[in-house]
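Worksheet: the structure to be examined is printed underneath.
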2 protein chains.
Amino acid sequence: MIALDAFDKSILRALSHDGRMTHTALSETVNLSPNAVAERIKRLQRDGVIEGFGVRLSAKALGKTLLVFIEVKLDRTSADVFDAFSAAAAKTSEIEECHMVAGGFDYLIKTRHADMAAFRRFLSDTLLSLPGIRETHTYAVMEEVKASATTV
Amino acid sequence: MIALDAFDKSILRALSHDGRMTHTALSETVNLSPNAVAERIKRLQRDGVIEGFGVRLSAKALGKTLLVFIEVKLDRTSADVFDAFSAAAAKTSEIEECHMVAGGFDYLIKTRHADMAAFRRFLSDTLLSLPGIRETHTYAVMEEVKASATTV
DNA sequence: GATGAAATACTCCGTTT
DNA sequence: AAACGGAGTATTTCATC
């Protein structure tokens with residue numbers, strides 16, 4: 001865990017909102033010289049606080065209107081079933097997130113699809129054809145109340 | 001749903017990887033003039049495909065080592081219990097995502113915490129003190145197999 | 001962390017296909 | 001409609017304090 005002062009936090013908050021803000025614009029909001037801002041950003045990247053910069057894409061605008069969470073339980077027959085499933089999940093484009101969880105099931109995956117028909121195809125053709133799956137429970141999202149954002 | 005040609009897709013893929021790439025650098029990877037790249041980005045923003053630019057922060061580096069999903073079921077006694085819960089979730093900093101789902105429960109929330117002790121405090125002091133909660137199920141993430149990323 | 005100068009990148013314009 | 005090219009402005013980077 002890295003220590004962040006008020007300047008760092010201001011910079012990160014501003015960049016969360018607009019990752020393409022110039023050093024000059026940032027320097028005005030945090031009251032520092034553009035140079036100091038640039039050096040802090042470089043340091044935050046070196047220290048691993050900033051993993052990178054990205055673009056927020058609209059899933060809806062890209063035609064993915066359906067968000068679905070799926071709980072997956074695996075057959076615990078062989079030791080590398082988990083590795084195989086993890087590897088397959090990482091390669092599957094419809095899977096946006098995949099987490100191995102402790103609790104009543106093994107994996108929780110977050111998937112996006114064009115519509116319910118596309119989801120059903122994904123479920124039968126892609127997910128259920130993976131080896132080692134014992135059962136799945138599907139939860140379709142009706143409303144995204146709060147979207148992802150790591151805060152400072 | 002907006003139509004994207006190969007240039008748009010290249011630009012979005014490059015920006016997903018590095019949202020701070022300059023128009024000049026982008027122009028070299030997509031084989032277009034910097035000017036054309038700038039105009040396409042502006043258009044993609046106008047059309048809502050690009051919602052904005054951001055920074056990828058390391059939750060671990062920020063001291064949030066524990067990722068927890070929580071299923072929440074509400075008391076359906078009053079009509080605005082859902083609105084109240086949604087509003088509260090949106091304001092709670094530990095809640096990274098909150099989705100209203102169809103299925104066995106009502107909400108699926110994604111939360112991050114410093115450690116298990118911090119999570120227990122969150123659960124008892126923050127979440128369970130919200131009105132209208134009937135029951136919750138907690139799933140601690142042991143391994144993040146695949147992290148979030150909307151692809152093009 | 002700040003300042004100033006040089007290199008690079010961006011924006012706006014008109015022009016071309 | 002979309003892309004290119006050039007001039008003016010802004011930004012980034014590097015040296016120095």
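Every chain is numbered from 1 and lettered A, B, ... according to where its sequence line falls, protein lines coming before strand lines.
- Regarding contacts with the backbone of dT8(C), every side-chain N or O of Thr22(B) stays at 4.0 angstrom or more from both OP1 and OP2.
- Taking the six-membered ring where the residue is Trp, the centroids of Phe53(A) and Phe53(B) are separated by 6.0 Å or more.
- Using a 4.0 Å cutoff on non-hydrogen atoms, the parts of residues 28-52 of chain A near DNA chain D are Asn35(A), ordered by number.
- You'll find the ring centres of His99(B) and Phe69(A) inside the 6.0 Å limit.
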Report task. Show your working on side-chain contact (heavy atoms from CB on, under 4.5 Å) between Phe7(A) and Arg40(A) and close with a plain yes or no. Result -> CA-CA 9 Å; Phe7(A) 289 121; Arg40(A) 277 169 182 268; 3.4 Å; yes
Report task. Would you sort out whether Leu26(B) and Leu15(B) count as a side-chain contact (heavy atoms from CB on, under 4.5 Å), showing the intermediate values? Result -> CA-CA 8 Å; Leu26(B) 283 166; Leu15(B) 284 176; 3.9 Å; yes
Query - Intermediate values then yes/no, side-chain contact (heavy atoms from CB on, under 4.5 Å), Ile70(B) and Val68(B) - result: CA-CA 6 Å; Ile70(B) 310 172; Val68(B) 179; 3.9 Å; yes
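- Taken from OG1 in Thr151(B) to CG in Leu57(A), the straight-line distance is 9.0 Å, to the nearest 0.5 Å.
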Query raised in the report: Could you walk me through whether Met21(A) and Val55(B) pass the side-chain contact (heavy atoms from CB on, under 4.5 Å) check?
Result: CA-CA 11 Å; Met21(A) 269 182 82; Val55(B) 58; over 6 Å; no
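- Each end of the helix from dG1(C)-dC17(D) to dT17(C)-dA1(D) yields a helix axis from five base pairs, and these two axes differ in direction by 40° (to the nearest 10 degrees).
- Put simply, chain A comes within 4.0 Å of DNA chain D, heavy atom to any atom, from dT11(D) to dA15(D), going 5' to 3'.
- Remark: side-chain polar atoms of Arg112(A) are not paired, donor with acceptor, to backbone N or O of Glu96(A) under 3.5 angstrom.
- In Arg120(B), the CZ atom is not crowded: 12 or fewer heavy atoms of neighbouring residues, nucleotides or ligands sit closer than 6.0 Å.
- Taking atom NE2 of residue His23(B) and atom C1' of nucleotide dC12(C), one finds them 14 Å apart after rounding to whole Å.
- Considering CD1 of Ile50(A) and NZ of Lys42(A), their distance stands at 12.5 Å, rounded to 0.5 Å.
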